[in-house]
Amino acid sequence: MDKSANTTPRRNKSSLPRVDGRMVPDCIRIAPKPHTGKCLSKVHRQYMHYTNLDAVCGILESGFLLLSNNDDVNDKGEARICGASEKYWMACFSTGTDERVALWALYGKCRLDAMRLQIGGGYLQQWVRNAARRSNGKPGQIHDLYWIPDDPGGRPDFSAKEPVSANLYTIELVDVMYFSPGRTKERRIVWVNDNKYMFYGDVQKPDIGCFVKNVGWQYEKESRIVVRFKEAGSHHSENGRYGLNLFPDEAENNDDVDILKGPWWNSDSDRKLKLLGNKQKLMMKFPKLKQRIENAGVSKDAESIHTGRINFNLCFTRDCPYYRAKDCPKNGAGK
């Protein structure tokens, strides 16, 4: 009798896709080199920026998205890996249209005017491609990066902005890679967009530090525009920040921009939003957004699905008069 007939066949273990010491898998990067094959399926349809109404108004009115350097990131372990803070500046987004309650709390900061700015993937990806490829010094050329100093009150002074030479930096759009602290330093499991990889190489090196976070941050599903200066010390010394000229006046199509009102939104915030919609020159640049703002008071499409459903203990000290109180105004009382 053939013994092999009763032998249970072994299952071939499917090995994880291998990533060999690169910054991140090529298919999740938007950079000067064109992508090929299935990498094209990895780009995102929407990018979400959780913030507040004042910040959204500032972005749309100025056309600039302000960057943070790695001293300002919320993961201090990541900041230590990145190294020289003056070399790396970034703008952060969450991918996917599903709302993330933790991001409302972290970046909307439980404010009554918390808001999510939505930018179409096609627009943002094309903007980054153009910025990454743009040559420097042509007459009438759109500049992509500016230094924006602070005014005496500490607010960005866009009237004093200074263009930055494209020769000084590189720019790319990258999905953050989340690593597990297990295994060895040179071989770790990483996740990108819920896809699992085996990474061979040290993920905690300065040259990839701004693209990698501990798996505990995976819920953010983060993508970043990263500006990397070629020389440390290229940044300006005075107070201010770098800003991306994300919605220049010369742009032909800004119609892939939308907003979502946060879970604690109230009538005062609606009135502030209406003031933005009354700025005709601005709304001509964003016709889809204009219609959204006009209907913001009555349309449920512009509201968070979590409105009135979140009950955080928002106060972290007993000295706060609203400590553990159900009528805390930040929980949306009085709507």
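In this chain, numbering begins with 1 at the start of the sequence shown. Computed over heavy atoms, backbone and side chain alike; hydrogens, waters and symmetry mates excluded.
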Kindly determine whether Y242 and F229 satisfy ring-ring contact (aromatic ring centres under 6.0 Å, His included), including the steps that lead there.
CA-CA 12 Å; Y242 287 104; F229 281 93; 4.9 Å; yes
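- For the pair L53/W265, a side-chain contact is recorded, criterion being any heavy-atom separation below 4.5 Å from C-beta on.
- With 3.5 Å as the limit, one finds a donor-acceptor pair spanning the side chains of S269 and N266.
- Residues V257 and L60 form a side-chain contact, since some pair of their non-hydrogen atoms from C-beta on lies under 4.5 Å apart.
- Atoms CD and CG, from E222 and L103 in turn, are 9.0 Å apart once rounded to the nearest 0.5 Å.
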Step by step, work out the side chain to side chain contact (heavy atoms under 4.5 Å, CB included) result for W89 and L244.
CA-CA 10 Å; W89 291 73; L244 300 175; over 6 Å; no
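- Put simply, CD on Q118 and CG on D258 are 5.0 Å apart, with the number rounded to the nearest 0.5 Å.
- Between the CG atom in L246 and the OG atom in S62 there is a gap of 9.5 Å [rounded to 0.5 Å].
- Contacts of Y219 classified as ring-ring contact (aromatic ring centres under 6.0 Å, His included), with partners at least two apart in sequence or in another chain: none.
- Between W104 and Y50, the ring planes are perpendicular. Angles over 60° get that label, and only those under 30° would be called parallel.
- Among all heavy-atom pairs drawn from I148 and G243, the shortest one is CD1-CA, 4.0 Å.
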Start with the C-alpha gap between D54 and R111, add the side-chain angles, then the distance that decides, and say whether salt bridge (Lys or Arg N to Asp or Glu O under 4.0 Å) holds.
CA-CA 11 Å; D54 290 338; R111 289 176 50 153; 3.4 Å; yes
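- Closest non-hydrogen pair, T307 versus G262, comes out as OG1-O, 3.9 Å.
- Put simply, the side chain of M115 reaches to within 4.5 Å of the side chain of L273, judged on heavy atoms.
- A donor-acceptor pair under 3.5 Å is formed between the side chain of T95 and the backbone N or O of K221.
- Residues L173 and S223 share a closest heavy-atom pair of CD1-CB, 4.5 Å.
- To the nearest 0.5 Å, the span separating CG on L65 from CZ on F93 amounts to 5.0 Å.
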F64/K161 under side chain to side chain contact (heavy atoms under 4.5 Å, CB included): CA gap, chis, key distance, verdict
CA-CA 11 Å; F64 282 87; K161 64 182 182 292; 3.6 Å; yes
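- The shortest side-chain heavy-atom distance between L117 and I259 falls under the 4.5 Å cut-off.
- Looking at H49, its side chain does come within 3.5 Å of a backbone N or O of C92 through a donor-acceptor pair.
- No donor-acceptor pair under 3.5 Å is formed between the side chain of E99 and the backbone N or O of S304.
- Side-chain atoms of R241 come within 3.5 Å of backbone N or O of L67 as a donor-acceptor pair.
- Hydrophobic clustering, with ILVMFWY side chains joined whenever heavy atoms are under 4.5 angstrom apart, groups L106 together with V176.
- Put simply, the side chain of L112 reaches to within 4.5 Å of the side chain of W264, judged on heavy atoms.
- Side-chain contact check for I225 versus L124: some heavy-atom pair is nearer than 4.5 Å.
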Determine, stepwise, if the pair V101 / I310 fulfils side chain to side chain contact (heavy atoms under 4.5 Å, CB included).
CA-CA 9 Å; V101 174; I310 296 177; 4.0 Å; yes
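- Here R100 contributes atom CZ and H306 contributes atom NE2; the two are 10.5 Å apart, rounded to the nearest 0.5 Å.
- Here the side chain of N245 pairs a donor or acceptor atom with the backbone of H143 at under 3.5 angstrom.
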Could you check E220 against K213 for salt bridge (Lys or Arg N to Asp or Glu O under 4.0 Å), going step by step and ending with a plain yes or no?
CA-CA 11 Å; E220 293 188 331; K213 298 178 77 168; 3.1 Å; yes
Might you work through the ring-ring contact (aromatic ring centres under 6.0 Å, His included) test for Y178 and W217, ending with a clear yes or no?
CA-CA 7 Å; Y178 301 95; W217 298 93; 9.0 Å; no
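- Side chain of Q125 to main chain of H44: a donor-acceptor pair is present (N/O by atom type, distance under 3.5 Å, no hydrogens or angles).
- The two residues Q46 and T97 come nearest to each other via the heavy atoms CG-CG2, 3.9 Å.
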